[in-house]
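Ligands are counted one by one from 1 in listed order, and the atoms in each one are counted from 1 as well.
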Amino acid sequence: MAQTGFYINMNRCSACKVCVIACKDVNDLKVGYNFRHVDEYEGGVNPAVWAASISLACNHCDEPACMAICPASAITKEADSGLVILNTAACIGCKECVTACPYGAPVFFPDKLKTNKCHGCRGLIAAGGKPACVAACSTRCLDFGELDSLRAKYGYNLVNTIKGFPEPATGPNLLIDPKSQMRI
Ligand code: SF4
């Protein structure tokens with residue numbers, strides 16, 4: 001299997017946040033803790049105003065800053081899928097990955113003294129399904145799969161960064177169809 005990742009079409013995202021809730025449910029996360037979040041943007045001058053939103057979690061980067069800094073070697077990148085996996089059994093709760101990730105993906109749980117993050121719902125994928133966020137998306141703006149297959153399906157004008165994002169130095173494996181106002 002080649003590198004996998006998420007696709008998101010900002011032109012269809014309605015910021016309903018069903019993806020956030022589906023992710024929260026499948027990962028059994030408490031109130032106040034989420035692996036996925038929706039960023040919202042707005043601009044223009046009345047009456048020509050616009051709004052945009054994008055659903056984000058871990059980008060399963062090519063050069064994961066979280067993995068590079070982890071002193072416990074608790075974060076690895078799967079050879080077959082390219083998913084970046086955090087082994088909570090090995091995590092020592094130092095929060096270095098939380099600080100290092102430019103996208104705010106790792107989440108520290110004070111009650112467990114552990115960090116965790118999106119693992120691409122690899123169990124669901126292995127069973128032939130899609131990640132919970134993708135399956136739940138109310139506007140079908142999210143997808144997940146091998147990047148080459150996603151490009152073939154959705155087009156080759158997709159990007160891995162938009163205005164307001166950090167420099168894509170970690171090689172985020174994210175395919176965005178941006179709102180025109182957000183395209184760099
Ligand atoms: Fe690591 Fe953050 Fe990249 Fe995910 S998005 S692989 S947590 S650096």
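In this structure, the side chain of T139 engages the main chain of R12 through a donor-acceptor pair within 3.5 Å.
Checked by atom type, the side-chain pair N173/D62 shows a donor-acceptor distance below 3.5 Å. N9 and Y154 share no donor-acceptor pair across their side chains, judged by distance under 3.5 Å alone.
Heavy atoms from other residues, nucleotides or ligands lying under 6.0 Å from CD of E167 number 12 at most.
Rounded to the nearest 0.5 angstrom, M182 CE and S53 OG are separated by 10.0 Å.
Within the sub-2.8 Å shell of atom 4 (Fe) of ligand 1, the protein contributes these N/O/S atoms: C58 SG.
Among protein heavy atoms, atom 8 (S) of ligand 1 sits closest to A65 N, 3.6 Å.
At a threshold of 4.5 Å between non-hydrogen side-chain atoms, the residues D143 and L150 count as touching.
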